[in-house]
Amino acid sequence: MQIGRGDEGILSEEMAQKRDEIIGLLKQAYFAELETVINYVTNSTNPDGVRAQEIKEALEEDIQEELMHAQQFASRIKELYGVVPSSTDFKAEQTFLQPPEHQTDVVHVIRGVIDAETKAIELYTRIVQATEETDPVTQDMVIDILRDEQGHRRLFEGFLREYEAEGLA
Ligand SMILES: [Fe+2]
Ligand SMILES: [Fe+2]
């Protein structure tokens, strides 16, 4: 019998290519989480006004959760024998979370958050599909994270609904 990782599913030699594909997606997810941390710190600080308070507090709570997601993605990259990238490989993508012209423009922030969460949901759904039957451990982890993002988006959709109902969005 060959000594190696032949019967270990995603960790086996034959699965090297699939593993690379999954690691690539996990690196994207890792950076997406860290970019979200940056922008949620920004947007939990900048907004002015009574109406902004709730939004700022919700974002502040999410920061810790998104940071934990980044750490989970990093651990999983390592467990799959990948190398966690550094900031020199980072490319910013969350254009919708740029600060608005007026710091009382809370609707701009809400829409930006919904956009960021939607992109995370799309990417993590892709990872769930890519790991189907090949890497149940990664899949299980990403399903939990996906649920968090769905919850985040739902909360901000509720905020947006309130502004729409009042004719402010
Ligand atoms: Fe996240
Ligand atoms: Fe999120």
Side-chain angles (χ1 to χ4, degrees), residues 10 19-47 51-80 82-100 103 105-132 134-164 169:
I10 194 63
R19 217 160 46 233
D20 280 349
E21 180 199 331
I22 295 170
I23 289 168
L25 289 166
L26 292 174
K27 285 179 181 175
Q28 271 185 57
Y30 173 65
F31 279 140
E33 293 291 349
L34 289 177
E35 188 175 10
T36 302
V37 169
I38 295 173
N39 286 324
Y40 285 8
V41 172
T42 293
N43 286 292
S44 67
T45 308
N46 281 333
R51 288 175 168 278
Q53 210 48 41
E54 197 91 29
I55 309 295
K56 289 165 75 170
E57 278 165 26
L59 282 177
E60 223 168 78
E61 258 175 54
D62 283 354
I63 292 166
Q64 306 307 323
E65 215 169 310
E66 310 295 12
L67 182 59
M68 253 167 48
H69 292 163
Q71 289 175 303
Q72 282 176 282
F73 282 119
S75 299
R76 193 58 190 154
I77 290 167
K78 186 180 173 84
E79 286 159 10
L80 293 175
V83 177
V84 183
S86 79
S87 60
T88 52
D89 290 329
F90 175 77
K91 273 205 275 344
E93 280 169 10
Q94 294 177 352
T95 49
F96 284 97
L97 278 169
Q98 292 294 305
Q103 299 315 315
D105 186 358
V106 179
V107 172
H108 172 96
V109 174
I110 296 171
R111 287 194 203 280
V113 171
I114 291 173
D115 183 72
E117 296 293 345
T118 299
K119 286 186 175 131
I121 289 168
E122 285 167 2
L123 177 59
Y124 303 166
T125 301
R126 257 170 63 209
I127 301 178
V128 169
Q129 284 161 357
T131 50
E132 178 71 23
T134 54
D135 184 358
V137 176
T138 298
Q139 190 182 52
D140 196 53
M141 181 191 89
V142 175
I143 287 170
D144 279 347
I145 297 175
L146 179 56
R147 187 183 181 188
D148 289 342
E149 313 303 7
Q150 288 174 347
H152 295 161
R153 185 173 69 177
R154 183 63 189 86
L155 179 68
F156 278 78
E157 281 173 348
F159 290 145
L160 186 62
R161 213 172 271 183
E162 189 182 4
Y163 279 84
E164 282 168 348

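Here the structure is a predicted model, which is why all the values come from computation and not from measurement. Order of appearance sets the numbers: ligands from 1, and atoms from 1 within every ligand.
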Item to check | Main-chain N/O of Ile10 paired with Arg19 side-chain donor or acceptor, under 3.5 Å | outcome: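 Present.
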Looking only at non-hydrogen atoms, find the nearest pair between [X] and [Y] and report the distance.
{"X": "Val84", "Y": "Ala74", "answer": "CG2-O, 3.5 Å"}
{"X": "Gln28", "Y": "Leu123", "answer": "OE1-CD1, 3.5 Å"}
{"X": "Tyr30", "Y": "Pro85", "answer": "CE2-O, 3.8 Å"}

Next on the checklist: Below 30° counts as parallel, above 60° as perpendicular, anything between as tilted: where do the rings of Tyr124 and Phe73 land?
Outcome noted: tilted
[X], N/O/S atom nearest the Fe ion (ligand 2):
{"X": "His152", "value": "ND1"}
{"X": "Glu149", "value": "OE1"}
{"X": "Glu66", "value": "OE2"}

Checklist entry - At the Fe ion (ligand 1), what angle lies between atom OE2 of Glu33 and atom ND1 of His69, rounded to 10 degrees? => result 100°
Next on the checklist: Under 2.8 Å from the Fe ion (ligand 2), is there any N, O or S atom belonging to Asp62?
Outcome noted: no
